[in-house]
Amino acid sequence: MSDFVIEAAGLRKEFGQAVAVDNVSFTLSRGQSLAVVGESGSGKTTVARMLVGLEAPSGGSISVCGRPRRGGRVSSAERRRRAREIQIVFQDPYSSLDKLQRIGDVVETSLALHFPLTPAERRRRALELLEAVGLAERHAAMLPRQLSGGQRQRVAIARAIAVEPEVLVLDEAVAALDVSIQAQILNLLADIRERSGISYVFISHDLAVVHQISDFAVVMSGGRIVERGDTRDLLRDPQEEYTQALRAAVPRPGWKPTRRQPA
């Protein structure tokens with residue numbers, strides 16, 4: 001079995017005459033957290049969408065958990081298998097949740113698609129997952145509009161990890177939250193990773209944010225990787241001017257969010 005849960009080689013994505021991603025290659029090891037960093041329009045979100053199958057590459061290749069990802073229609077069984085390999089959490093949790101579905105049912109629906117559980121077992125497991133992301137049993141009966149932004153993002157994370165994926169892609173998953181709630185979600189993700197050994201691909205425009213969550217980072221600009229390396233090294237001594245500009249937002253190399261009470 002390969003040590004890599006993701007292998008991306010020479011990825012390219014064209015939208016008409018525009019090239020959004022150009023010759024992007026990287027690997028993700030089991031249990032590793034990789035940040036893909038860049039400003040809006042850098043191509044980082046397009047990379048995320050190709051990883052999870054929401055966009056088909058125009059060129060290059062992707063393997064997830066040792067299995068090549070090929071385009072074209074796939075069976076429902078294959079879709080479920082792919083979902084068990086990789087999940088994604090989006091920037092806006094409200095738009096990704098059914099506004100008429102209660103929170104407990106959101107997680108139970110995910111469980112029902114992937115595990116042969118009785119209704120009572122699904123309910124119990126859903127409550128365990130909500131507790132694991134810092135929510136209480138009372139939240140299970142609520143609708144998304146009754147929760148804060150941080151709580152909704154916790155629900156989205158619970159739904160994603162419910163299927164026990166090998167890889168979780170987080171596409172600007174804390175960008176819409178204020179700084180104190182960002183810190184709480186990042187701490188939650190670190191705790192989940194420590195408990196489960198899950199691998200992360202963290203898409204962000206902010207090196208300060210990825211400092212806490214990633215081991216390794218690739219920096220993208222204009223659809224290409226312009227720098228890569230250990231995240232701490234990139235924060236301490238970025239070599240490229242573009243990375244230096246991103247680094248300017250970080251107060252100091254030892255920056256770390258303060259732990260706060262759960263949102």
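Hydrogens, waters and symmetry mates play no part in the numbers below; they use all other heavy atoms, side chains included. Keep in mind it's a predicted model, so treat the numbers as computed, not measured.
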Do side-chain atoms of [X] reach the backbone of [Y] as a donor and acceptor pair under 3.5 angstrom?
X	Y	result
S58	E14	yes
E227	Q239	yes
Q87	I161	no
Q182	V174	yes
R84	V163	yes
Y200	L189	yes
R12	G60	no
Q153	G149	no
R69	I62	no
D237	D233	no

Applying side chain to side chain donor-acceptor pair (under 3.5 Å), can you list everything that pairs with [X], at least two apart in sequence or on another chain?
X	result
E240	none
E78	R67, R82
Q91	none
D178	S180

Which atoms form the tightest heavy-atom contact between [X] and [Y], and what is the distance?
X	Y	result
P165	A83	CB-O, 4.2 Å
Q101	P144	O-CD, 3.4 Å
S199	S29	OG-O, 3.2 Å
A48	I203	CB-CG1, 3.8 Å
L168	A160	CD1-CB, 3.6 Å
A126	L111	N-CD1, 3.8 Å

Working to the nearest 0.5 Å, report the span between [atom1] of [X] and [atom2] of [Y].
X	Y	atom1	atom2	result
N187	I192	CG	CD1	11.0 Å
L170	I157	CG	CD1	6.5 Å
L100	R145	CG	CZ	9.0 Å
D191	S196	CG	OG	10.5 Å
E39	L246	CD	CG	5.5 Å
C65	L28	SG	CG	9.5 Å

Could you tell me whether the side chain of [Y] reaches within less than 4.5 Å of the side chain of [X], counting heavy atoms only?
X	Y	answer
L51	V64	no
L186	F202	yes
E164	F115	yes
T243	L207	yes
F15	E55	yes
I6	I86	yes
P57	K13	no
V37	K44	no

Passes side chain to side chain contact (heavy atoms under 4.5 Å, CB included), E166 versus R30? Steps please. CA-CA 8 Å; E166 295 284 340; R30 294 181 185 278; 3.4 Å; yes

Among R102, R125, R123, R159, find the one that has a salt bridge (Lys or Arg N to Asp or Glu O under 4.0 Å) with E108. R123

Going only through I, L, V, M, F, W and Y residues with side-chain contacts under 4.5 Å, is there a path from V106 to L143? no

Can you get from L177 to Y94 by hopping between Ile, Leu, Val, Met, Phe, Trp and Tyr side chains that sit under 4.5 Å apart? no

Let me see the working for L235 and R247 under side chain to side chain contact (heavy atoms under 4.5 Å, CB included), right down to the final yes or no. CA-CA 6 Å; L235 280 167; R247 167 64 179 83; 3.7 Å; yes

With a cut-off of 3.5 Å and sequence neighbours excluded, list every side-chain donor-acceptor pair involving residues 129-138.
none

Going by side-chain contact (heavy atoms from CB on, under 4.5 Å), name the residues that satisfy it together with S214, two or more places apart in sequence or in a different chain. S33, A35, V210, T231

Atom CZ of R70: over 12 foreign heavy atoms under 6.0 Å: no

